[in-house]
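Everything on this sheet refers to the single structure shown next.
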Amino acid sequence: RLVDLVLGAPAASRLKSLLIGPIPGDYNTVDQAPEVILRLASGLGALSNLKLPHDFDAQFFRSLVLARPTIVKLDLGFCNIDNESLKIICEGLRLEHLDLSYLKDESAPSAVDIRLAGPLAVEAIVESPSAQTLRSIDITHLPFLPEEMLQLLRGCPKLATLEWDRPE
């Protein structure tokens, strides 16, 4: 019902940003269900900036890039995506900003080890169309090597902002 009200409102055609954050202590809220997010992404015609609250699978990202291929700013900070999902995102969108920062929350019931790292992740970015449009990226707390950072910098000619703090 809330989605129908939002999509039916006059502002729906003007909304450029949809920032969905986690509710403290609640990691699976109905309002953050993948179907709800996909309906909003599909229905908000001007949407170009999206922040997602938690982990989604590769199928969700396939559906997202089809629903709203005009997203240029994607914040997946604290989502624990895998290399396959990253590849889908970077192939399907022409990103200008990408936030992949991740800090494991030990109190979350689904806390798992980081799944995104290394040469496959860098390859997913630099070998995609997003490499030509990416202006900023945040990969704070992800275990990338300095050589991989250099590959990222070389492979993204418009990259002007790199946020990276290698975890201990």
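Atoms considered below: every heavy atom in the structure, side chains included; atoms not considered: hydrogens, waters and symmetry mates.
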- Message: Just to verify, what does Glu127 make a salt bridge (charged side-chain N to carboxylate O under 4.0 Å, His left out) with, not counting sequence neighbours?
- Response: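 Counting only residues at least two positions away or on another chain, Glu127 forms no salt bridge (charged side-chain N to carboxylate O under 4.0 Å, His left out).
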- For Arg154, which residues count as a salt bridge (charged side-chain N to carboxylate O under 4.0 Å, His left out) partner, sequence neighbours excluded?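 In terms of salt bridge (charged side-chain N to carboxylate O under 4.0 Å, His left out), with neighbours along the sequence ignored, Arg154 is linked to no residue.
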Who passes side-chain contact (heavy atoms from CB on, under 4.5 Å) against [X], sequence neighbours left out?
X      : value
Ala124 : Leu86, Lys87
Gln132 : Pro157
Asp138 : Asp99, Ser101, Thr140, Glu163
Lys158 : Arg135

- Query: Taking Ile89 as the fixed residue, which of Ile125, Leu76, Leu64, Leu100 is the one that meets the side-chain contact (heavy atoms from CB on, under 4.5 Å) rule?
  - Reply: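 The side-chain contact (heavy atoms from CB on, under 4.5 Å) with Ile89 is passed solely by Leu76 among Ile125, Leu76, Leu64, Leu100.
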Say you draw a straight line from [atom1] of [X] to [atom2] of [Y]; how long is it, rounded to the nearest 0.5 Å?
X      : Y      : atom1 : atom2 : value
Leu18  : Arg68  : CG    : CZ    : 11.0 Å
Glu123 : Ser128 : CD    : OG    : 11.0 Å
Leu52  : Asp75  : CG    : CG    : 8.0 Å
Leu15  : Ser48  : CG    : OG    : 10.5 Å

- Query: Would you call Arg39 and Asp4 a side-chain contact if the rule is heavy atoms closer than 4.5 Å?
  - Reply: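 With C-beta onward as the side chain, the pair touches.
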- Task: Side-chain contact test, heavy atoms from C-beta onward, threshold under 4.5 Å: evaluate it for Val122 versus Glu148 and give yes or no.
- Result: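 Counting from C-beta outward, Val122 and Glu148 do come under 4.5 Å.
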- Of the non-hydrogen atoms in Leu142 and Trp164, which two are nearest, and what is the gap between them?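 For Leu142 and Trp164, the tightest heavy-atom pair comes out as O-NE1, 3.5 Å.
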- Message: Whether Arg62 and Glu91 form a salt bridge (side-chain N of Lys/Arg under 4.0 Å from carboxylate O of Asp/Glu) is what I want to check.
- Response: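 Looking at Arg62 together with Glu91, the answer is no, because their closest N to O distance does not fall below 4.0 Å.
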- Give a yes or no answer on whether the side chain of Ser130 reaches the backbone of Leu95 with a donor-acceptor pair at less than 3.5 Å.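 Such a contact is found between Ser130 side chain and Leu95 backbone.
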- Kindly say whether Leu47 contributes a backbone atom to a donor-acceptor pair with the side chain of Thr70 at under 3.5 angstrom?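 Yes; at least one donor-acceptor contact below 3.5 Å.
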